[in-house]
Amino acid sequence: MSAKADTLLLFGATGDLAQRMLLPSLCALHADGLLDPGLQITGTARADLSDAAFRNFARAAVEKYLPAQRRGSMADFLNRLHFVPLDVTQQDGFGALAKKIGRPADRLAIFLSTAPDLFEQTIAGLAAAALSEGARIGLEKPLGHDLASSREINDAVGRAFPEERIFRIDHYLGKETVQNLIALRFANLMFEPLWNAQHIDHVQITVAETVGLEGRVGFYDGAGALRDMVQNHMLQLLALVAMEPPTHFDANSVRDEKVKVLRALRPVGPGESVTGQYRGGAVKGQIVAGYDEELGRDSETETFVALKAHVDNWRWKGVPFYLRTGKRLPERVTEILVQFRAIPHSIFDGARTRANRLLIGIQPQENITLSLMAKVPGLDREGLSLREVPLKIAMTDAFSGKEKRIAYERLLLDLIEANQTLFVRRDEVEAQWTWIDGIRAQWHAEGLTPKPYNSGAWGPSAAIALTERDGVSWHE
Ligand code: NAP
């Protein structure tokens, strides 16, 4: 399965994700000469579009979402595009699709950017039209809403595609800074000896959004923050922070190590989780409505969750991983904070020292900041004084000549070139769901309902208490 794809078949080609991410990413890859000249891209959806109409649609999407300097020759890119109207719930349409593609499927890359409840019928249609034979398939999240439904989807996909041809997308893995986490840990000597319970006090992972429901009403209210953010992106970040060194940077080695971490997650206990739901308030100076007002009814869906997680293995014994994510928080930020332990003995009488911290900014700022103690300049007549100073790398400055790419550029290229390293394996997804299902069962047993918090605050006050009772403050 090493051959590059000669055809990319894009389901949901007229959807939001296709417009904002997939078509602009493909155009950028084309502009950079990274797509083989012969690669054809066939879009499908129910809309009755001709090739020409789809090309106009794609042009508008690219012009809206891709900066002009990255577009290259749009005409050549658009010439790669074709369209086949198809309702995936009608199996007889797949024959026409196969005819339009007109090539054996062994070099076909399929990308399902449609609602997951359409996956099963889509896959049955692809198999019946011999479009699954030798082809690889990319699947967008969410892969189910619990372990049982995720297994159902995985079984359905598995009936037509073997695991080595299934590419489950977690777009966080396509982000440069997330991949850089692997480089930081395993291309530098200095972190690994300290990267354990002996030297690390705790880890914080924050994924904060300022937006509210954003038109995702139907989907979000059935999901909530735990399933929308923690189950996938945050657990992948946790796994990358906590995993043992893989022997190689390849699909099996990396995923083998991640799954061990995910399986070592201890079930969250009573009092180790907090949920919230935003009320009206102000975010960045804008007055915004509460979740129930946006939804038009009351709901028990959490728009915020904070958790204290534990990885039960030798390396991480006794090191809490505090996770929090939410909507309508004060700022949009994704970051990982690694808090080291205090020095065992201070030789500086009376001078306060602070334990070192490593802050990895994932978005919007791509920074790595190591906080170190330094001497404050002076003659020290009253004793030496110390202050924390940042050793900071702004990735955009360090690599200023490099284009900032969309995460999907990397993922689409890896799908086309059949590299699974940055895609999630079935056992990982299932380990993730097992842990998440346990949390939801715990909430149910505790009768936990989301506590209100004002938009523009860092979640309900109980989220602060969750860490403060361990003597830890969230990084803000
Ligand atoms: P969307 O805007 O609702 O688009 C859905 C696409 O599926 C449209 O092209 C639609 O076109 C097509 N479709 C719907 N029913 C169909 C049918 N019966 N047969 C064939 N095509 C059909 O959804 P989206 O936001 O692009 O999301 C797509 C997938 O990506 C979902 O799984 C979503 O959870 C996931 N995702 C999206 C985002 C995002 O930012 N949007 C982020 C992460 C994950 P027609 O109506 O013309 O058929």
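Atoms within each ligand, like the ligands themselves, are counted from 1 in listed order.
Of the options Ala18, Ala223, Ser113, Pro85, the smallest heavy-atom separation from atom 5 (C) of ligand 1 is shown by Ser113. For atom 22 (C) of ligand 1, the nearest non-hydrogen atom from the set His171, Arg46, His233, Lys141 comes from Arg46.
Below 4.0 Å from some heavy atom of Asp87 lie the following atoms of ligand 1, by number and element: 17 (C), 18 (N), 19 (N). Residue contact check: Leu86 has heavy atoms under 4.0 Å from atoms 19 (N), 20 (C) of ligand 1. Close approach of ligand 1 to Ala47 is summarised as follows: ligand atoms under 4.0 Å from at least one heavy atom of the residue are 47 (O). Residue contact check: Arg20 has heavy atoms under 4.0 Å from atoms 39 (C), 40 (O), 41 (N) of ligand 1. Atoms of ligand 1 found under 4.0 Å from any heavy atom of Pro142, numbered from 1 in the order shown, are 34 (O).
Closest protein heavy atom to atom 19 (N) of ligand 1: Val88 N, 3.0 Å. The protein heavy-atom contact nearest to atom 4 (O) of ligand 1 is Gly15 CA, 3.2 Å. Remark: minimum distance from atom 6 (C) of ligand 1 to any protein heavy atom is reached at Gly12 CA, 3.5 Å. Protein heavy atom at the shortest distance from atom 32 (O) of ligand 1 is Thr114 O, 2.9 Å. Thr14 OG1, 3.1 Å is the protein heavy atom nearest to atom 11 (O) of ligand 1. Among protein heavy atoms, the minimum distance from atom 43 (C) of ligand 1 is reached at Glu140 OE1, 3.8 Å. In terms of protein heavy atoms, atom 38 (C) of ligand 1 is closest to Leu17 CD1, 3.7 Å.
Geometric assessment of Lys402 against the ring of Phe399 yields a negative cation-pi assignment under the 6.0 Å and 45° thresholds.
Considering backbone and side-chain atoms together, Pro116 places no N or O closer than 3.5 Å to any N or O of ligand 1. Close N/O approach between Ala45 and ligand 1 is not found [any backbone or side-chain N/O within under 3.5 Å]. Checking only distances, Asp16 does come within under 3.5 Å of ligand 1, N or O to N or O. Between Leu118 and ligand 1, a contact under 3.5 Å exists for no N or O pair.
Between Arg55 and Asn79, the shortest heavy-atom contact is NH2-O, 3.3 Å.
Here Lys451 does not pair with Glu302 in a salt bridge; the nearest charged N to carboxylate O distance is not below 4.0 Å. A salt bridge is defined here as a Lys NZ or Arg NE, NH1 or NH2 lying under 4.0 Å from an Asp or Glu carboxylate O, and Glu366 with Lys404 meets this definition.
For atom 9 (O) of ligand 1, the protein comes within 4.0 Å by at least one heavy atom.
Under a cut-off of 6.0 angstrom, the local environment of CZ in Arg440 is sparse, with at most 12 non-hydrogen atoms contributed by other residues, nucleotides or ligands.
At a cut-off of 3.5 Å, with distance as the only test, no side-chain donor of Asn180 or Thr177 sits close to an acceptor on the other residue. In summary, the side chains of Gln179 and Arg410 do present a donor paired with an acceptor at a separation below 3.5 Å, with no hydrogens or angles considered. Side chains of Gln420 and Arg255: a donor on one and an acceptor on the other come within 3.5 Å.
Proximity of the aromatic rings of His202 and Tyr322 is defined here by a centroid distance below 6.0 angstrom, and this criterion is met. Here Tyr278 and Phe304 keep their ring centres 6.0 angstrom or further from each other. If you look at Trp458 and Tyr453, their ring centroids are not closer than 6.0 Å.
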